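Values in this document were obtained by computation on a predicted structure and should not be read as measured data.
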Amino acid sequence: MVKPLDFEKPIVELEQKIEELKQFTAEREMDLSDEIKKLENKSSSLKREIFGNLTAWQRTQIARHVDRPTAMDYINKIFDNFIELHGDRLYGEDKSIVGGIAKLNGKPVTVVGHMKGKDTKENISRNFGMPHPEGYRKAIRLMKQAEKFNRPIVCLVDTPGAYCGIGAEERGQSIAIAESIQKMSNLTVPIVVVVIGEGGSGGALALGVGDKILMLENSIYSVISPEGASTILWKDATKAQEAAEALQITAHQLKELNIIDQIIEEPLGGAHKDPGTTAENIKKAINLNLENLHEISSNDLVEERYNKLRKMGDFVAHSN
């Protein structure tokens, strides 16, 4: 059993009491249904109170939860006939980026996403969801192919950031990220981006240029991690909670800033509590947005995407 997050402990303790009481009534053949019902109502109320008032740091913890569904979890639940494609045709295969061809409601689409592991072994294999340059070049290759065959693109973003090791830098990490951003900016097919977990720095932005940017409500999207920001600003990584609030990294904050277009609801407690329902919510959101985007011409898609990017970070200068 995965250790509960700190703020979840009161809920876990109450649920344990409920289970103990149920076992006690079964063993003693007693009717304590009223008492159990009261505790269950209390548990439901406590969940709504806690999960309805999450801080930015608490949402960060949920976004990083070890049981949170991965890109492949959603691909298998949302799309049909997924065929994964490998390699960048230049250096090699990067397992931290998955991508390929699939069908969504019978129509072909190209799907690309960051991929984390479910355990230590898989995380090592997938480099903890931190892509190398060849991962981004694979993504570019698949997106060019999508444009050639007029397939819409769906990107699933979930990465702490691009890998910053020596090998990645030697093979052109920053160039690969820049080329991915440039290519996505000019694609003539619809692009829907969904932040499903962590959206970290340029590693996320490399797959984050879309006509519509969606976020699961407990995902995060930021130029830097809270730990990294606190280390830079306060020389103290323990102030990550303060940094998370200052960075405005949550879906609701980013919606208010017009950085994203839509928040996708998660089950109470996070996507890992009910991956099936979460996948259905994502599928509905992708379908709706692609239907709307299909009505826009290719030239207008590119122009509107450009204007969307230019408006990010707008500010009003006040003269003294």
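- Residue K118 qualifies as enclosed at atom NZ: its count of foreign heavy atoms under 6.0 Å is above 12.
- With no hydrogens or angles considered, no side-chain donor-acceptor pair links N299 and S297 at under 3.5 Å.
- A distance-only check finds a donor-acceptor pair linking the side chain of S230 to the backbone of P226 [under 3.5 Å].
- In terms of modelled atom types and a separation under 3.5 Å, the side chain of K138 and the main chain of I97 share a donor-acceptor contact.
- Between R126 and E122 a salt bridge is recorded (basic side-chain N to carboxylate O distance below 4.0 Å).
- Considering only heavy atoms from C-beta on, I75 comes within 4.5 Å of V98 through its side chain.
- Counted within 6.0 Å of CD on E93, heavy atoms from surrounding residues, nucleotides or ligands total more than 12; the atom is thus considered enclosed.
- Side chain of S180 to main chain of Y136: no donor-acceptor pair is present (N/O by atom type, distance under 3.5 Å, no hydrogens or angles).
- K77 contributes atom NZ, which lies 9.5 Å from atom OG1 of T278 (distance to the nearest 0.5 angstrom).
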H252/I263 under side chain to side chain contact (heavy atoms under 4.5 Å, CB included): CA gap, chis, key distance, verdict: CA-CA 7 Å; H252 295 88; I263 300 171; 3.7 Å; yes
Verdict with supporting geometry, C164 and M130, side chain to side chain contact (heavy atoms under 4.5 Å, CB included): CA-CA 9 Å; C164 56; M130 297 184 291; over 6 Å; no
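- Between the side chains of T70 and D73, at least one donor-acceptor pair of N or O atoms lies under 3.5 Å.
- Remark: E227 engages R64 in a salt bridge, criterion side-chain N to carboxylate O under 4.0 Å.
- The hydrophobic cluster around V223 extends to I220, I224, I232, L247, I249, counting ILVMFWY residues whose side-chain heavy atoms fall within less than 4.5 Å of a member.
- For the pair K47 and E15, the salt-bridge criterion is met [side-chain N within less than 4.0 Å of a carboxylate O].
- With contacts defined as side-chain heavy-atom distances shorter than 4.5 Å, the pair L216/Y74 qualifies.
- Residues I11 and F51 meet the side-chain proximity criterion, which asks for heavy atoms closer than 4.5 Å.
- Here R171 pairs with E134 under the side chain to side chain donor-acceptor pair (under 3.5 Å) rule; sequence neighbours left out.
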Verdict with reasoning, F149 to V189, per side chain to side chain contact (heavy atoms under 4.5 Å, CB included): CA-CA 9 Å; F149 293 101; V189 293; over 6 Å; no
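- At least one donor-acceptor pair under 3.5 Å links the side chain of H114 to the backbone N or O of G203.
- Applying the ring-ring contact (aromatic ring centres under 6.0 Å, His included) test to residues at least two apart or on different chains, none of the pairs has a partner in residues 182-210.
- Partner of R68 under the side-chain contact (heavy atoms from CB on, under 4.5 Å) criterion, chosen from D158, I62, I196: I62.
- At a threshold of 4.5 Å between side-chain heavy atoms, the hydrophobic network of Ile, Leu, Val, Met, Phe, Trp and Tyr places V109 and I213 in two separate groups.
- In this structure, Q173 contributes its side chain and A168 its backbone to no donor-acceptor pair below 3.5 Å.
- E198 has its side chain within reach of P160: a pair of non-hydrogen atoms, C-beta onward, lies under 4.5 Å apart.
- For D94 (side chain) and S96 (main-chain N/O), a donor-acceptor pair under 3.5 Å exists by modelled atom type.
- No side-chain donor-acceptor contact under 3.5 Å links S43 to the backbone of L39.
- Listed by chain and residue number, nothing satisfies the side chain to side chain donor-acceptor pair (under 3.5 Å) test with N258 (two or more places apart in sequence, or in another chain).
- Looking only at side-chain heavy atoms (C-beta outward), I282 and I78 come within less than 4.5 Å of each other.
- Every residue was checked against the side chain to side chain donor-acceptor pair (under 3.5 Å) condition with T120, not counting sequence neighbours, and none meets it.
- Between K255 and D261 there is no salt bridge, since none of the side-chain N atoms of the basic residue sits less than 4.0 Å from a carboxylate O of the acidic one.
- With N76 contributing its side chain and M72 its backbone, the two residues share a donor-acceptor pair below 3.5 Å.
- Counting heavy atoms from C-beta on, the side chains of N123 and K116 come closer than 4.5 Å.
- Rounded to the nearest 0.5 Å, atoms CE (M143) and CG (L187) are 6.5 Å apart.
- Taking CD1 of I140 as the reference point, atom CG of D88 lies at 9.5 Å (rounded to 0.5 Å).
- To the nearest 0.5 Å, atoms CG (L268) and OG1 (T277) are separated by 12.0 Å.
- Between the E179 side chain and the R137 main chain, no donor and acceptor come within less than 3.5 Å of each other.
- Using a distance-only test at 3.5 Å, with no hydrogens or angles considered, no donor-acceptor pair links the side chain of E13 to the main chain of P10.
- A donor-acceptor pair shorter than 3.5 Å can be found between the side chains of T250 and Q253.
- Contact check for E147 versus K183: side-chain heavy atoms found under the 4.5 Å cut-off.
- Remark: I286 CD1 to Q262 CD distance equals 10.0 Å, nearest 0.5 Å.
- Atom CG of N289 is separated from atom CD1 of I191 by 13.0 Å, given to the nearest 0.5 angstrom.
- Between H272 and E266, the closest side-chain pair of non-hydrogen atoms is not below 4.5 Å.
- Every residue two or more places apart in sequence or in another chain was checked for a ring pair (Phe, Tyr, Trp, His ring centres under 6.0 Å) with F82, and none qualifies.
- For R305 and D211, the salt-bridge test passes: some basic side-chain N is under 4.0 Å from an acidic carboxylate O.
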